[in-house]
Amino acid sequence: MAAGYAELLRTRYAARLLAGTLVGRLPNATAPIAIVLLTRAEGGSYSLAGGLAAVYGLANAVGQPLLGRAVDLYGQPRVQLPAAVLSALGMVLLTLAGIDPLPLTYAAVALAGVFTPPLEGGLRALWPNVLGREDRVHRAYAMDAVAQEIMFTVGPLLVTLLVALWSPAAALLVINAVGVLGALSVVLSEPSRTWRSGPREAHWLGALRSPGLLALLGSFFFVGLALGSITVAGVAYADDHGREAVYGWLMAALGLGALAGGVVYGARQWAGAPERRLRFIVALLAAGYLPLMLTPGVPAMVVLAAVSGVFLAPALACAFIVVDRHAPRGTVTEAFSWLVTTFGVGAAVGTGAAGPAVEYGGTAASFAVAAGGGVAALLVLLATRRVLTIPVATPLPTDSVVMPSENDRIGAAEPGFRTGHQA
């Protein structure tokens, strides 16, 4: 398994692009906890901290697809680096303003969120040009999903370490400065500088005019909802058992399960249409959430949490392939950014829904929200299997010229597999 990933990382630019993207996304991965810690250090309430984090998340959800469309239109360097700088400046403004005056505080958080660069979608658009073969690109998607789990585990730990060494404001500044350097590393690379999206048909809906993509987004809204609800349900479970450390064990088990699942999934080649495979993986993902409602003792619950995470990274990796197959030509970065946004919005809704579920139905009811989200995700895929069966080819304008690219032979191997071309 490790040999396959090592082969990918030995490919020219692959390690640099992956590392640069992960470092560049650290500000986004750590923003909620950093905002909460800074607000509390300034004497703000938990309600204010939650409100600011929510504004950041909403602004991020709005900005990702818009910036993704801009990347498809104007290229990566012209969008990614300026966006990273503006987002970092928003966080600098937050540290300078503190929580007074509040309008300025909210404006700073909104600025940081809306200009978060779409590095995640940008990396997935670059993989075909860097890796060439379809099977290697699919493995890179799995590696990407695994790397996300590592980043979202290490990132918060790094913030808390910086806070302990210095202060919440210093942690925020350091993380965002490092994030800009990560984005800079990506956009200065040759693949990023030379990448161009394929010719696109002008349409105000952009990537959202694809029925298959809409079906996928609908499903992964509920996957995000399930994951978001687990974060709240885990806190309730830890409270029930009188130990705060239990929450950490549950989240670590969930992340470890996802990490293991992603590594195993990416280690082999998969035959057949990825849309059909995705339905099977999401069915297993939903099945993994159901036993959480039993809320057994801590050792058994930790095992169930690990099992529930096993199919998350494979589901994401497979979804990346489906996005690429169904995104209209010339909209791939935007399409990947829509997946990020939809997943994030679903997670926010799940977090909001799990709270009342705990209050009115107890811990088991909050885990039922996660189970319901998993089942709903599967039902969406089953109900839309017709539009997800065959990627819809978007007709090109009659005056457009398709430039030759490495992706042409990938597209021949699996219809719809294309992300752009190098100039």
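Along the sequence shown, the residues carry numbers beginning at 1.
- Looking only at side-chain heavy atoms (C-beta outward), D324 and F320 stay at 4.5 Å or farther from each other.
- Between T116 and Y56, the closest heavy-atom pair is OG1-OH, 3.3 Å.
- The main-chain N or O of A84 is never found under 3.5 Å from a side-chain atom of S87 such that the two would form a donor-acceptor pair.
- A distance-only check finds no donor-acceptor pair linking the side chain of Q64 to the backbone of T341 [under 3.5 Å].
- Checking Q76 against S192 by side-chain atom types alone, a donor-acceptor pair falls below 3.5 Å.
- For the pair N129/P191, no side-chain contact is recorded, criterion being any heavy-atom separation below 4.5 Å from C-beta on.
- Taking 4.5 Å as the limit, every side-chain heavy atom of I321 sits out of range of all side-chain heavy atoms of W270.
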From CA spacing to verdict: side-chain contact (heavy atoms from CB on, under 4.5 Å), L316, F220: CA-CA 9 Å; L316 288 171; F220 272 74; 3.9 Å; yes
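- For the atom pair L339 CG and E120 CD, the distance stands at 7.5 Å (nearest 0.5 Å).
- Side-chain contact between L104 and L93 is present, with at least one heavy-atom pair separated by less than 4.5 Å.
- Around atom CZ of R193, more than 12 heavy atoms belonging to other residues, nucleotides or ligands sit under 6.0 Å away.
- Rounded to the nearest 0.5 angstrom, W166 CH2 and L161 CG are separated by 8.0 Å.
- Closest approach of P118 and Q80 over heavy atoms only: CD-OE1, 3.0 Å.
- Under the 30°/60° scheme for interplanar angles, the aromatic rings of Y237 and F367 are found to stand perpendicular.
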CA sep, side-chain torsions, deciding dist, call: R124, V323, side-chain contact (heavy atoms from CB on, under 4.5 Å): CA-CA 10 Å; R124 290 162 199 157; V323 167; over 6 Å; no
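- With no hydrogens or angles considered, no side-chain donor-acceptor pair links T331 and R209 at under 3.5 Å.
- Between V163 and P168, the closest heavy-atom pair is CG2-CA, 3.8 Å.
- Looking at heavy atoms from C-beta onward, L250 lies out of side-chain contact with L254 at the 4.5 angstrom threshold.
- Smallest separation of non-hydrogen atoms from G75 and V79: O-CG2, 3.6 Å.
- If you take OG1 on T384 and CD on E275, they are separated by 10.5 Å, rounding to the nearest 0.5 Å.
- Of the options L81, L17, L123, a side-chain contact (heavy atoms from CB on, under 4.5 Å) to V186 is made by L17 and by none of the others.
- A donor-acceptor pair under 3.5 Å is formed between the side chain of S210 and the backbone N or O of H326.
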Stepwise side-chain contact (heavy atoms from CB on, under 4.5 Å) test for V146 and Y265: CA-CA 10 Å; V146 169; Y265 177 82; over 6 Å; no
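- Around the OH atom of Y13, the shell of radius 6.0 Å holds more than 12 heavy atoms that belong to other residues, nucleotides or ligands.
- Nearest heavy atom pair, residue R139 against residue G266, reads NE-O, 2.8 Å.
- Of the options L162, V159, L94, a side-chain contact (heavy atoms from CB on, under 4.5 Å) to L172 is made by L94 and by none of the others.
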